[in-house]
Structures are given as C-alpha cells and as structure tokens.
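Chain letters run A, B, ... following the sequence lines, proteins first, then strands; residues in each count from 1.
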Protein chains: 2
Amino acid sequence: MSSVPLFWFWHFCGGGLAIEAAGGRITVHDLARAAGVSLATVDRVLNGRPGVRPATVARVEEAIARIGFRRDLTASMLARARDIRLAFILPEGTNQFMARLAEAVETVGAQARGERMVFELDRIRSIDAQALADALDAIDAETHDGAVIVAIDKPAVHAAVARAVGRGLKIVTLVSDLPGSARHAFVGIDNVAAGRTAGGLMGRFCPNGGRVVLVAGSMGLIDHAERVSGFRDIIGSEFPGLEISGPIEGQDAFALTYENALAFFRENPDIAGVYNVGAGNAGLIMALAEAGLAGKVRFVAHELTGPTRAGLGSGVIDVVLDQSPEDEVRAVWAAMRRLVLGPDAAPPETPIEIKVFLRDNLR
Amino acid sequence: MSSVPLFWFWHFCGGGLAIEAAGGRITVHDLARAAGVSLATVDRVLNGRPGVRPATVARVEEAIARIGFRRDLTASMLARARDIRLAFILPEGTNQFMARLAEAVETVGAQARGERMVFELDRIRSIDAQALADALDAIDAETHDGAVIVAIDKPAVHAAVARAVGRGLKIVTLVSDLPGSARHAFVGIDNVAAGRTAGGLMGRFCPNGGRVVLVAGSMGLIDHAERVSGFRDIIGSEFPGLEISGPIEGQDAFALTYENALAFFRENPDIAGVYNVGAGNAGLIMALAEAGLAGKVRFVAHELTGPTRAGLGSGVIDVVLDQSPEDEVRAVWAAMRRLVLGPDAAPPETPIEIKVFLRDNLR
DNA sequence: AATGAAATGAGGTACGTACGCCAAAATCAT
DNA sequence: ATGATTTTGGCGTACGTACCTCATTTCATT
C-alpha cells in the first residue's frame, strides 16, 4: 500500500483561496468566506442562535445556496456534547400491537444509540388522555429533544402538545395522529388504503359472491373505522356480488371476540369471508374452528403477531396486512433527526408501507 | 411515569466493572487502558493493521467485550479523510428492472453521499462474463473500498472475484448470487418464496379450478427458474384443481412475448390465470387485450415498472410482486458499511422482502 | 551475546462542527 | 456627540477516531 497522507494532499491543492477544494468538501470556513462574514456569524445562522441581523442571515443563506454548502452531519454529531434524546410515550396493556411497538423502540433504539440518539420508553395507562398530557408535561426540554406519542384526540392532549412545542420540544405522532395540533409530523400507515387492499383481495378470493363479515375492536377507534370504510368502498364499487355483514365488535379482547363471532357463525354457516380490522384474532380463530369453518372461509387479518402468524401457518388465515412497527420507529428516527438537526439530516420521508403477508412470504 | 432510559439498562446489566466516565462514552483511551496496551496498538487492532502479536490482539478483543467498547462511527467517519467508494457494475440494456436498479443506485447514492459514501455506476454488456471479470479487475483497491456485481455464474467471474478480494476489496453480489465464491455477501430476494407466494395468491383467486399459464423470459435465468419452481410447488401441493401450462418463453422482449402469448390464448381462451415470472409484461398485456381476456383472467406479475403499474391501475393485473431495488441498494449500503467499517456500522442484515402490490396499496 | 526484525509505545495533527468568551465594530437612543 | 446596545469578529477548545512518525522494547536467529 502506497501510503499517501491525505491531509497533505488537501493542504497543497485546496489550501489557497479556492472556495471549493479539488477533492475536499465545502466547509463552514468556505461558507464564511463566501458570505463575507466570520465563522461565528455563520455558526449563529446555522444553529438559529440570536443576535444576527436579518439582512446578514439572508446573506449567509444566499451563500449557502450559491456554493452548495451542506453541513457535515458526522462532524456535527461529534461536536454536539449531548446525544439526541427522545421520549416515546406508549399506552400500556396487553395489546399485542403496542407490545410490538415497544419492542421495536428497543431494537431500533439499540441501533440508533450507535448514532448518538437515545430512545426512552414511557408507558402510560391505555386510552387515558390526561395521563398522556401529564407525561408530555413532565418532559424537560433541557434534557430532551423531542417526544413521540400515540395520540388521543382530546383537548387536554392538544394543549399539552402545544405547551411542549412551546418549550422547544419536537413532537411526532405515531400510528394515531392529532390533526390540527402543533405536532411537527405524523408517522403511520394509510388505514383507508389498508381497508381497500383487504377489499381487493377478498373480492378476488370470492369470485362466486357470498357474504363477508367484518370484525373490529371498536368503531370508536379511528384506524379501525377507516379500514372498514376503505373495505366497504372497494367491495361496493368493484365486487357487487359480495354482501357485507357486521362489523362484529369485540373490543380487541379474546373472550368477547370469540363469543360474538361464534354466535354470528352459528347463525350464518354459509359465510364466504372474514375481515378483521382489529386485534382479537386469537378469539376469532377459535370461533372459526368451533364452528367448523376454519380453512373454509377466506380470512384477512391485520398485524403480524403470534396468533396471526400461527394462523397463516395453519392455513386458517389467508392474508395478513401489516404495518411494521420497526419501519415506523425508523421513520420516527429519521423524522426526528431532520427536525432536530435540520433538513439535511434524513432522507425525504417515504410513507409507511402496508405490507401484505401470505404464508409463503413470511419473514 | 415510569421512564426507563434504555442505555442505563445496558450499563447495569452488561457493564460489569465498567471503566467509563459518568456521562461520557467508552473511548479508545478507555479501551487502551483496559487492555493494558497503548493507543497505537488499539488502533492497529481496530483497523486490522499488521504488526500485532495474536496474543495481544486477543487481549484487546477481550477488553472490547469486557468494557463494551463500541467505536463511535461519527468520529470514525469524520477522521477518515477519504469517503467510502463503491463501484456498482450493472448489465446494460433496455431491461426495465436493471434500469430501476441503476436509478436506485443513483437515488440511494445521493443520500449515502451525505454519510460519506460514494457510489459509482459502471454498465457492462449484458450477460457477458468476461466483461464483468474485466470490469472487476479494473477496480483499483487504492481508490475503492468495494464492488457490487450482478453475478454471472462463470469461472472467469469466480476468478475475478477472488482476485478482487485478494486486493482487499469487499465484494457484494446483488440480485444474482455467486455461491461458493469469495464474495463477502449477497443481497437479493428468495425467488422460490416469491414463486410460492404467487402460487398461493393464484390458487385462492381461482377456487373453481382451471388452467393457469406460466410466462418467463428464459428458463435459463436462475431467478426465473426458481420462481417457476416455487409456483409449481404450491399449486401442486395445495391447489390440485389447477392445471399448469407453459412456461411460454419470450426472452423478456415485447414482440416475442406478445406473439407467443397471443398464440397460446387463441388456442386456450378458457384460461383462468397467468403468472409471468419475467419482464415482458407489456407484450403480455397487449396479447390479453387482443384475445379479449383482459380483466377476465387473474394475472400475477413481477416488478413494479411502468407497464405493471399501469396494468394494476386498469385492472388487467391483479397483483405485482416486487423486489424493491431501492431496498436492495440500501441493503448493499448497510452491508458494505459493516464490511468496511466493522460490525457496528450497520444494523444486522434483514433479508430483502418480497413486496405484494394491489392497485390499492400502490405507493 | 550480538544482530536484525517484529512488536509496541509515545505523541502529534487532522477531520468539520459546536460552543464559549471577550473584544471590536456598527447601530441605536438620547 | 455620548453612552448604551446590538451585531460581528477572532480565537480557542472539545468531540472520538484515523493515521502518520519516530523511539523503544521484545523476540527469534545466528
């Protein structure tokens, strides 16, 4: 190996007055020179510190655009004394999906730590707007850069978000949004599209027509309602041979879903398909087995969890639509990077994809 | 609010006699002290430089494990004057998929540049083993860190890969692997699983049985052959009501696919489904239209390109299975990071997913 | 035991940005 | 014009790793 100290090279060919060194990058020094200001002023502008005249800010920004300056994030992260700290506030409880989300926060968090980003996980009482608001208020803007919440659409939460943003925190909503609030970004899937995808599959699965039944946790949950709506759309417009019953509501609970579904199946043994927009899949599978319908009925479910995975394996469930919590947490990570460090910090946001799983493309 | 910073957990349960300072990270200095060697030796071990006795290497590695040292990638990237340089060698030609791949190399490359990784794109004559070998031989290990190739399973390529690895280059195969060679990693989907997924969908789409026809570019292409094989597996074992014809081969070319398919449809107007494992979708769509079968036949295709996207939109194609080139290039990026910078540099590899698209979950 | 090679130590500069401090200059109010 | 205030400049240090040079120690050979 012919060792050529690279920094020598840099000095010789880039050190002069050139704004852009041959092989080198454009640094804050180049920017200062190009804008005709000092390094200190450049720093003030770049980091939004006070004490710079608007005219000067404009000069610097013009120079940024002109010479194509992009701040080096590796150096930037290195120089910041403290890591980026995020608080994830998730509802507690036995909900399978929230458990997956919490797990994703840990696994993705372990990777993020290598890039100087620290995730904290707070669990609060489920569907408790005041608990969420309190948790948000408790976050200190001195020690944290932002918070991630699964939003509940209540005034108390709106107010707490506004206060948090006022303190300088970055707020991202996850899975469930808070439209019209001060939150900076939302990360989650398009649930109407998910319902429509389910409808498209179910329609094709049942070319001979028949009755399809909807199952949900509660139509009071926005994401469930949206999925139902998308499903109805597609079936209504493209598969007129299918009739829709339900939704049967089971509060995403095993026992209740089982009972309500079994009662329905007993009365309608000629059912052609089932679409569960919610979480009570274990109970639903049991009810199907009990009614002697397992495998004879097309079954579309949501969220790749223990029960749905098993259902795919045994052939009871045909398709599972999934929103990957890992992808979502990763998207939060990217969004927070760009919110905290500036627009260069992350790739442009791509919407979270709805993943379609059959037995054969299970990961 | 029970706030549990995740890294505390690490320190408490894994840190042991942790040497590190209260708020700071574990640095190479700590590591040197813990291993009882100098900074220079630590550096030699960490960066695989020669001139360290095996026993000393072991001492340092033991210390790394003991105190939980993880090299700070931000600092590491900052300190290496040079960016990571990769050469992507892709076959030229009108192939839609390769065009998508090339595009992905550019778009993902633009993001990667922000993290000091540079992608170079070389195009070579299609399916020309010698051209590939030559291109590989032409890569200078002084200026490049690695190469990414769509492998062709020929001795000349095996030899060139071995030479490249000998020069210190990291080699990753993309889409098409080179098992048994010296290449460091492979990035691509499981094509047998893709074929099985297609079979599972097609079977459920045709509950009344019937004849399904396979279309391929050439059974000489390994990925096409694997998809056909997976499809046959599933249909044979789970959907005995379906009969399989073909494969019709069209060399992935518009005209040939159109002609061969049209001839087949003319003779078999009662067809129930089509599965095209290859690329000639535009010709196939035209043949279906010509035969008056568009929309009446279940159609599963591969790769989300212009024609397949349009086909989904118009309802001619029911499902498109996709291997996202962007994901693949990103996976290459991660794999190369860890190959060049060490195991901490990238998340553990996840297999590339087979994506399932209907009209309703199109991105 | 002498000799040369290999292994290790000591210490430095560099990467590009963050951030702090204090002085100098420009601007404003009086 | 004077003093008060805001804006800007100059300079230094820090972050953690890479990679260079040169001095010193250890080890195997003869």
Side-chain angles (χ1 to χ4, degrees), chain A residues 1-12 14-15 21 23-33 35-60 69-84 114-116 340-342 344-345, chain B residues 20-21 23-33 35-60 64 69-84 114-116 340-342 344-345:
Chain A
M1 180 162 110
S2 77
S3 69
V4 177
L6 294 162
F7 46 92
W8 289 8
F9 174 80
W10 282 40
H11 284 313
F12 289 144
R25 342 173 60 79
I26 302 172
T27 74
V28 280
H29 295 85
D30 304 315
L31 177 53
R33 213 175 314 138
V37 299
S38 76
L39 223 52
T41 299
V42 163
D43 180 66
R44 291 180 186 113
V45 172
L46 283 179
N47 296 290
R49 281 182 252 279
V52 184
R53 236 174 321 166
T56 312
V57 174
R59 274 238 307 289
V60 173
F69 169 81
R70 310 189 68 209
R71 112 166 75 190
D72 185 321
L73 293 170
T74 45
S76 171
M77 286 303 282
L78 180 58
R80 306 172 46 102
R82 92 196 158 129
D83 299 348
I84 294 179
E115 301 191 22
R116 292 167 164 259
V340 175
L341 295 177
D344 294 343
Chain B
E20 100 296 337
R25 349 174 49 82
I26 302 173
T27 74
V28 280
H29 295 85
D30 303 315
L31 177 53
R33 211 174 319 133
V37 299
S38 75
L39 224 52
T41 299
V42 163
D43 180 66
R44 291 180 185 113
V45 172
L46 283 179
N47 295 291
R49 281 183 253 280
V52 184
R53 235 174 322 165
T56 312
V57 174
R59 273 240 305 290
V60 173
I64 290 176
F69 169 80
R70 310 188 67 203
R71 108 167 81 190
D72 185 322
L73 292 170
T74 45
S76 169
M77 286 304 279
L78 180 59
R80 28 186 311 144
R82 200 171 69 129
D83 297 349
I84 293 177
E115 301 192 22
R116 293 167 165 256
V340 174
L341 296 177
D344 293 343

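Closest contact between the side chain of B:Val28 and the listed nucleotides D:dG10, D:dT17, C:dG9 involves D:dT17. Closest approach to the B:Leu78 side chain among D:dT17, C:dC15, C:dA18 is made by C:dC15 (side chain taken as heavy atoms from C-beta onward). Relative to the side chain of A:Phe69, the nucleotides C:dT17, D:dT17, C:dT8 differ in distance, and C:dT17 lies closest. Here the side chain of B:Thr56 is nearest to one of D:dG9, C:dT8, C:dT17, namely C:dT8.
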Exercise for review: Please lay out, stage by stage, how A:Thr27 and A:Asp30 fare under the test side-chain contact (heavy atoms from CB on, under 4.5 Å).
Suggested key: CA-CA 5 Å; A:Thr27 74; A:Asp30 304 315; 3.5 Å; yes

**Study point:** Verdict with reasoning, B:Ile26 to B:Arg70, per side-chain contact (heavy atoms from CB on, under 4.5 Å)
**Key:** CA-CA 7 Å; B:Ile26 302 173; B:Arg70 310 188 67 203; over 6 Å; no

Point to revise | Residue pair B:Arg71, B:Asn47: steps toward the side-chain contact (heavy atoms from CB on, under 4.5 Å) verdict | key: CA-CA 11 Å; B:Arg71 108 167 81 190; B:Asn47 295 291; 3.2 Å; yes

Practice item. Take A:Leu46 and A:Phe69 through the side-chain contact (heavy atoms from CB on, under 4.5 Å) test and state the conclusion after the steps. Key: CA-CA 11 Å; A:Leu46 283 179; A:Phe69 169 81; 4.0 Å; yes

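Looking at which nucleotide of DNA chain C each of B:Ser38 and B:Ala75 is closest to, the 5′-most match is held by B:Ser38.
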Strictly under 3.5 Å: I want the nitrogen or oxygen pairs between protein and nucleotides 20-27 of chain C, one per line.
none

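Atoms CG (A:Asp72) and C1' (C:dT17) sit 8 Å apart, rounded to a whole Å. In this structure, B:Asp30 atom CG and D:dG16 atom P are separated by 9 Å, rounded to whole Å. Note: CG (A:Asn47) to P (D:dT8) measures 16 Å, nearest angstrom. Rounded to an integer number of Å, the gap from B:Leu46 CG to D:dA18 P is 7 Å. When rounded to the nearest whole Å, the span between CG of B:Leu39 and P of C:dG9 equals 10 Å. Separating the NE2 atom of B:His29 from the C1' atom of D:dG16 is a distance of 8 Å, rounded to the nearest angstrom.
Among residues two or more places apart in sequence or in another chain, the side chain to side chain contact (heavy atoms under 4.5 Å, CB included) test is passed with B:Thr56 by B:Val37, B:Thr41, B:Val52, B:Arg53.
Remark: A:Ser38 OG to A:Arg33 CZ distance equals 13.0 Å, nearest 0.5 Å.
Axis angle across the helix from C:dA1-D:dT30 to C:dA23-D:dT8, with five pairs used at each end and values rounded to 10°: 30°.
Using a 4.0 Å cut-off, no side-chain N or O of B:Thr27 falls inside it from OP1 or OP2 of D:dG16. Residue A:Thr41 places at least one side-chain N or O under 4.0 Å from the OP1 or OP2 atom of D:dG9. Here B:Ser76 reaches the OP1 or OP2 of D:dA18: one of its side-chain N or O atoms lies under 4.0 Å away.
The two atoms that bring A:Val60 and A:Ala35 nearest to each other are CA-CB, 4.0 Å, heavy atoms only.
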